[in-house]
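First up is the structure itself, then whatever we jot down about it.
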Amino acid sequence: MLVDLLLAEQYNMSVMYQEAKLPLAKEDRSNCAHCGESCRDNALSNKAGEIFCCQGCRTVHDILSENGMLDFYGMDERAGQRQSEQHRDDYEWLEITSLADRYVQYRDERHCRVSLKLPAIHCLSCVWLLENLNRLLPGITSVRVNFARKEATILFDEQQSKLSEIARMLANIGYPPRFKENDSKVSSTDRPLIYRIGLAGFAFGNIMLLSLPEYFGLGVDGSAAFFEPFVGYLMLVLSLPVFFYAGDYYWRGAWQGLQQKELSLDVPITIGMAALFLRSAYEIFSQTGAGYLDSLAGLVFFLLLGRWFQSITYDRLSFDRDHKDYFPVAAQKLLANGDVRPLAVEEIQAGTKLLVRPGQLIPADGILFSGEALPIDYSFVTGEARAQFRSAGDQLYAGGRATKTALKIEVTRPAAESYLLQLWREKPDESKKDQLLPSRRLSRNFTVIVLVIALFTFVFWFNTDTGRAFQAATAVLIIACPCALALALPFAYGSMMRRMGKAGFFLRSAGVLTRLEKIDTYVFDKTGTLASVKTPERIRLLVEDNDKESLSVLLAMSLQSDHPRSIGIATALKKRGIEATEIPGVQEIPGAGLICQASGKSYRIGNAAFCQVTDHPGSATYGSCNGQLLVVLERDDTGPDASTTKMLESIQKEKLHLLSGDDPEGNESWRTHFKQDQLFFQQSPFDKEDYLEKLNAAGHQVLMTGDGLNDTGALRTASVGLAVTEDLSRFSPASDGIALSSKLHLLPDIVAAAGRLPLIMKLAYGMALLYNLIGLSFAVTGNLSPVVAAILMPISSISVVIFAVVATWFAARGFTK
Amino acid sequence: MKIIILLIILSLSVALLFLFAFFWAVGSGQYDDEVTPAIRILFDNPPTNKISQDEQHPDLDDPAE
């Protein structure tokens, strides 16, 4: 079972494969030759007659076929992912040496090495393609991919290829690099810990081997005079590095605890270690016994293993993304003569003039100084898909995206002080909150009781037999060493975390479980968590005689706008074979819709009030001619699906809250699952955060789920913030954990399982204390022989570990079956 | 029976050898990435690489170059 759990990490990787993309038949002629998705509507084709769903896919395929690298598609059926055309980054700023140098790890005249995060890495073909990148760009010497970390280390010759060219090439073949400052040089494995485990294991095995004659009472005939001292000294030498080097975590932990006037569990551990070592050294030097060095090495080895088991991390997932990950690293500074020059974002000052090209994010708050009714997409911040319109003189906030036209802005505040960044303002130290520690009371009481028993034992024997008094007192300290106690916690929590990972819930650290078990309130965000983002849109044509002429006017109008609803209408009309006609100017009225006068008729596209239709619900988008309704576009919101409904029903209604950034439109069935006063629409990011603060103030332990950047503040405020994503390789906001949306219905079971952990801990502690009592009965009577210690200590540790793992397996059945 | 001391020393030195091999393996980063090598081994050597190696041979043989 242990092995099974240790393998769980690897298993998760394969879960990730499955979630990343379902294999699709590439041979199907109606599917895109690159990504395999269906593309009947607006397919592009290349010379060879293959079809593509979008320009991005065709570009990748062209590059690969020009370079004879079509093997890419044969290697893994998940090769090729749909390209997102819209938000292609610009890598011009990498030409500024001072900015690019942050990512350079090594450089000499010929070579330059960088490590880039490529979140799009998802399959075998990706590794092959990237490691053969030198066939696409001659300047590249070699590429090494780290699949688990989704990272590529690239060695290249700067004379031939610049970093910006490499970044652009990577983006073109579908692996846009993500530049982040603070995670470039962190090693994923905790090497110091692995060294210590190796050393302690080595010493443990060898000392035990040398102790075997002692265990079985087998002296070596006639050689006691030299053999026993020799073996004793050898064991002492072997145990030195274990005592001083491998065990130093506990020395330091105990010392830090004492400085803060706290008796942490490290204190009795170090007392036990010191007693073991000194007593053994005394016995060996005085040649009165063989000592307990095997127990010492075994103890340190098991403790370190527990530490390792607890420290699993999901390298490929980021729980700590902040604004810097999404914000551009550089902006385009607009010079007086109209030229642009790249500028690092931190160098932006009030008064700087910037050009924000279509598709780019506004990096700092500022004032728009030219243009009229320019659409800006704030979906990144608010989750609201509708574009907002701004004209010259209007205030713009950082985080908006220019959609169609470039924006010229004059900055009013440096990027670091922008309005949006208030969402990420400093919170209490997250790492400290997450430390997994046994209750303070337990370790304090334990230490005090052990010291008192040792003292009494010493006093009891002192009058009768001084030698025995020392022996018995040290034996008490040795046997009471809370190894099993210290192991129960990491193994129970670590294996629970692994099981949750297997079920699609990835927690930032085992410490999150301690907060998860207390959850009494659930706050959901609707779109992206409970409801799929890809709610299909449905169009109804209301004209009975199929008034093609009017429809083609409406199509032409809808093509003029960037609004998602407008695009929806255009796509739907095109699908029905309508073609656009020539029309006079279209007037776009922000917040209402489009209006156009053509051939003496007034055409309108927009909401119900704007189109003067009253007998329809307000949520859809309409197209009308002279007040007569022609087109209705509805979102096909079918409400929660079966598993979501089941989950919502299994939680008490009082505990459920819904905070949605959307309009109160869509299916009425949402209302049946939530109490009226716990159901909110049109919530801004700050509203959400305030609401959670109110819940916190009322003493609730809140679990919040969210999917967008707009939820970041709320996720942090909640005691457990869970980011929900459909695909692990995609974006997710900073959070305590990441859950797959397909598995979200398991949430109540997950919380219930976490709630069983305290009971498991109590039982495990009970077991460990029982072993301690048995051991103490040997120790206080002065009868603790090295053999008893060598048997009792590993048995207690191992049985507690097995109990913890089995009990968590039992507790987790709710979501693993 | 004194030979047993020699044997113990021998076996310990062999074990130490392995311990240092382990340290070296950790230090050289072999445990940093446990997934990609398993994927990489599945790739055949690309034919272009072989050609470029062949092309390099004359350069190596001819010191005048």
Side-chain angles (χ1 to χ4, degrees), chain A residues 9-10 13-14 67-69 71 75-76 121 123-132 134-135 144-153 187-199 201-203 205-206 209-210 213 219-224 226-227 230-231 234 237-238 241 315-316, chain B:
Chain A
E9 232 335 52
Q10 228 108 58
M13 204 67 75
S14 63
N67 291 280
M69 294 177 79
D71 288 352
M75 269 183 205
D76 196 311
I121 293 177
C123 73
L124 207 128
S125 288
C126 302
V127 179
W128 178 80
L129 176 60
L130 291 168
E131 297 207 334
N132 285 295
N134 54 344
R135 286 160 70 180
R144 295 293 278 186
V145 174
N146 185 325
F147 186 83
R149 286 169 65 76
K150 294 175 184 288
E151 213 171 71
T153 307
S187 164
S188 64
T189 42
D190 187 356
R191 282 191 197 170
L193 180 60
I194 294 184
Y195 282 134
R196 283 169 172 81
I197 292 176
L199 185 76
F202 165 81
N206 282 291
L209 210 60
L210 292 173
V220 181
D221 293 337
S223 55
F226 66 87
F227 183 70
F230 168 76
V231 169
L234 198 58
V237 169
L238 285 173
D315 283 330
R316 61 189 180 280
Chain B
M1 281 306 279
K2 285 185 184 174
I3 193 72
I4 199 156
I5 291 184
L6 184 68
L7 288 177
I8 287 176
I9 292 173
L10 278 178
S11 75
L12 255 185
S13 12
V14 173
L16 272 174
L17 214 67
F18 281 104
L19 182 68
F20 283 110
F22 173 72
F23 280 178
W24 169 79
V26 176
S28 68
Q30 291 185 24
Y31 288 85
D32 288 359
D33 183 2
E34 294 160 6
V35 187
T36 330
I39 297 173
R40 201 173 282 132
I41 198 140
L42 298 173
F43 304 143
D44 295 327
N45 266 345
T48 44
N49 269 12
K50 276 183 198 153
I51 294 164
S52 66
Q53 275 167 16
D54 291 342
E55 278 168 354
Q56 274 168 14
H57 276 294
D59 296 358
L60 292 172
D61 293 341
D62 190 357
E65 279 276 323

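Side chains included, hydrogens not; waters and symmetry mates left out as well; all remaining heavy atoms used. Quick note on labels: first sequence line is chain A, next is B, and so on, each numbered from 1.
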Which heavy atom of [X] sits nearest a heavy atom of [Y], and at what distance?
X	Y	value
A/R191	B/V26	NE-O, 3.5 Å
B/A25	B/S28	O-OG, 3.2 Å
B/T36	A/V145	CG2-O, 3.0 Å

Problem - Contact winner vs chain A - B/F22, B/F18, B/F23, heavy-atom pairs under 4.5 Å - result: B/F23
Handout entry: Contacting moiety of B/L16, where chain A heavy atoms sit under 4.5 Å
Key = both
Handout entry: Heavy-atom contact with chain B under 4.5 Å, split by part of A/L210
Key = side chain
Fill in the blank from the handout: If you tally heavy-atom pairs under 4.5 Å between each of A/L209, A/V127, A/L234 and chain B, the highest tally belongs to A/V127
Problem - Heavy-atom neighbours of B/L6 CG exceed 12 at 6.0 Å - result: yes
